[in-house]
2 protein chains.
Amino acid sequence: MSTERRTRADAERNRERVLEAARALFAERGDQVQLPEVARAAGVGVGTVYRHFPDRAALVEAAAEQRFAEIEHYARTRCLAGPAGLRRYLEHVGEVLSRDRGLSAAIEAARGTAGSEPRGEARAGLEAVVAEVVARDRAAGELRDDCTVADVYLLVGCLSAVVRTGSGDWRRFLDLALHGLLPRAD
Amino acid sequence: MSTERRTRADAERNRERVLEAARALFAERGDQVQLPEVARAAGVGVGTVYRHFPDRAALVEAAAEQRFAEIEHYARTRCLAGPAGLRRYLEHVGEVLSRDRGLSAAIEAARGTAGSEPRGEARAGLEAVVAEVVARDRAAGELRDDCTVADVYLLVGCLSAVVRTGSGDWRRFLDLALHGLLPRAD
DNA sequence: ACCTGAACACCGTTCAAGT
DNA sequence: ACCTGAACACCGTTCAAGT
């Protein structure tokens with residue numbers, strides 16, 4: 001089992017420090033934090049940041065990964081039982097986005113890098129739960145029959161933009177969007 | 001009336017050339033064009049660009065101003081008579097956004113610069129028509145009673161994000177959003 | 001192996017000099 | 001008055017040298 005166990009001691013610790021610093025800074029000020037700043041906060045040289053993360057986008061994504069995992073956990077425990085699962089899901093995403101300005105950057109960057117959508121692992125897990133939530137709500141007659149996971153991505157992207165630009169109330173947006181997903185017979 | 005008529009000959013022509021070049025380049029590649037590039041395309045020095053426009057944002061906004069005027073004209077002639085005025089308005093905005101990648105930048109930058117929303121003149125005119133369209137559609141019972149101009153801005157912002165990131169179909173988004181603006185009794 | 005930080009490339013913006 | 005473009009400031013990324 002001694003296949004690929006090379007990462008030694010301080011290397012792993014440095015990686016974790018960088019990630020920790022990145023999470024805190026991105027959450028607070030979003031995409032505008034500078035990498036040298038992250039390095040300073042982590043107490044390492046810039047080169048170390050680049051050793052562990054190929055570029056800025058990779059660090060943003062890695063810092064967001066934890067949030068995706070948290071959101072997935074919330075979805076599994078809170079949105080698969082009872083009514084209005086999708087509504088609860090989207091409201092939770094809105095709240096997390098409001099608290100972590102860096103999440104938007106990760107969500108939008110993923111779109112930017114054409115095609116390579118399924119980055120980090122957490123994303124795959126998330127997509128699976130969202131599919132379940134949609135299926136459940138549809139079966140319960142709470143959603144239009146043609147509502148898909150793609151629709152949810154669409155709305156999450158918009159939600160992210162609304163929160164990021166601070167234009168108006170994201171809850172109002174959700175009200176409109178969710179109303180739009182209702183079955184034909186209101 | 002010789003109050004403030006100082007701008008002479010080439011100055012005005014240069015300003016127009018810069019604007020022309022900026023319109024073409026922004027439309028094609030959006031917010032990622034570089035100002036030295038605009039200067040080169042316009043056949044002037046960078047300094048001249050800055051002489052006429054204080055900074056990048058101002059140039060983006062000025063280049064977009066024309067589009068706003070065009071959209072306003074469309075709205076006045078096509079969305080104040082007949083049914084589904086707001087739907088026709090938003091579909092037109094979606095089409096213009098699809099053709100001019102720089103418009104998104106202007107729309108989103110305006111939000112970014114907290115508070116100072118009402119830049120260029122064209123925007124004020126636009127806001128006025130949109131208010132009329134909303135009022136008409138509401139009176140005709142085509143929209144929820146609580147639908148406001150702010151809602152339209154919200155959706156235009158989302159539309160812009162959807163088109164810009166190329167995430168999914170913006171027409172699908174409009175379908176959902178407009179459905180969300182329907183009166184309670186579908 | 002991994003770390004450091006000076007150095008490089010690049011782009012927005014300014015400003016001394018020219019007309 | 002206005003124009004030009006070299007120069008400056010800044011930030012992402014690389015890499016030679018050190019441990």
Side-chain angles (χ1 to χ4, degrees), chain A residues 2-23 25-26 28-64 101-102 105-106 108-110 112-113, chain B residues 2-23 25-26 28-64 101-102 105-106 108-110 112-113:
Chain A
S2 60
T3 25
E4 285 301 340
R5 287 260 131 236
R6 278 287 65 81
T7 34
R8 268 312 180 210
D10 53 342
E12 187 55 35
R13 199 181 57 225
N14 277 337
R15 193 192 136 93
E16 214 49 51
R17 276 186 190 173
V18 169
L19 214 37
E20 208 69 53
R23 279 192 202 108
L25 290 171
F26 284 142
E28 213 176 324
R29 311 211 316 276
D31 209 22
Q32 60 174 320
V33 295
Q34 304 149 198
L35 289 214
E37 207 180 341
V38 173
R40 220 176 307 127
V44 303
V46 232
T48 301
V49 174
Y50 281 93
R51 164 161 281 271
H52 293 293
F53 306 95
D55 60 19
R56 184 191 179 73
L59 181 57
V60 169
E61 177 75 15
R101 311 271 306 152
E108 287 169 42
T113 336
Chain B
S2 60
T3 26
E4 286 299 341
R5 286 261 131 237
R6 279 285 67 79
T7 34
R8 270 309 181 210
D10 54 341
E12 187 56 36
R13 200 179 57 224
N14 276 338
R15 193 192 136 90
E16 214 47 53
R17 276 186 191 173
V18 169
L19 215 37
E20 208 68 54
R23 278 192 203 109
L25 290 171
F26 284 142
E28 214 176 324
R29 311 211 314 277
D31 208 23
Q32 60 176 319
V33 296
Q34 303 149 201
L35 290 214
E37 206 181 342
V38 173
R40 221 177 305 128
V44 303
V46 233
T48 301
V49 174
Y50 281 93
R51 165 161 281 270
H52 294 292
F53 305 96
D55 59 19
R56 185 190 180 72
L59 181 57
V60 169
E61 177 75 15
R101 310 272 305 153
E108 288 169 42
T113 333

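We name chains A, B, ... by the order of the sequence lines, and we start the count at 1 in each one.
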Would you mind writing out the side-chain donor-acceptor pairs for residues 11-20 of chain A within the sub-3.5 Å range, not counting sequence neighbours?
none

Taking every non-hydrogen atom, the tightest pair across B/G102 and B/V60: O-CG1, 4.3 Å
Over all atoms of both residues, closest heavy-atom pair of A/L59 and A/F26: CG-CE1, 4.0 Å
Contacts under 3.5 Å, N or O only, protein and nucleotides 17-19 of chain C:
none

Nearest heavy-atom neighbours spanning A/L25 and A/A41: CD1-CB, 4.0 Å
So which protein nitrogen or oxygen atoms get under 3.5 Å of nucleotides 8-12 of chain D's nitrogens or oxygens?
| unit_1 | atom_1 | unit_2 | atom_2 | d |
| --- | --- | --- | --- | --- |
| D/dC11 | OP1 | A/Q34 | OE1 | 2.9 |
| D/dG12 | OP1 | A/R56 | NH1 | 3.4 |
| D/dG12 | OP2 | A/L35 | N | 3.3 |

Inter-residue atom distance B/Y50.OH - B/R56.CZ, 0.5 Å rounding: 8.0 Å
DNA chain D stem ranges, 3 or more consecutive Watson-Crick or G-U pairs under 3.5 angstrom: C:4-8 with D:12-16, C:12-16 with D:4-8
Pairs meeting criterion side chain to side chain donor-acceptor pair (under 3.5 Å) with involvement of residues 32-43 of chain B, two or more places apart: B/R29-B/E37
Minimal non-hydrogen separation, B/P36 against B/V46, with atom names: CA-CG1, 4.0 Å
Would you tabulate the nitrogen or oxygen pairs shorter than 3.5 Å linking the protein to nucleotides 3-5 of chain C?
| unit_1 | atom_1 | unit_2 | atom_2 | d |
| --- | --- | --- | --- | --- |
| C/dC3 | OP1 | A/N14 | ND2 | 2.5 |
| C/dT4 | OP2 | A/G45 | N | 2.8 |
| C/dT4 | OP2 | A/T48 | OG1 | 2.5 |
| C/dG5 | O6 | A/G47 | N | 3.3 |

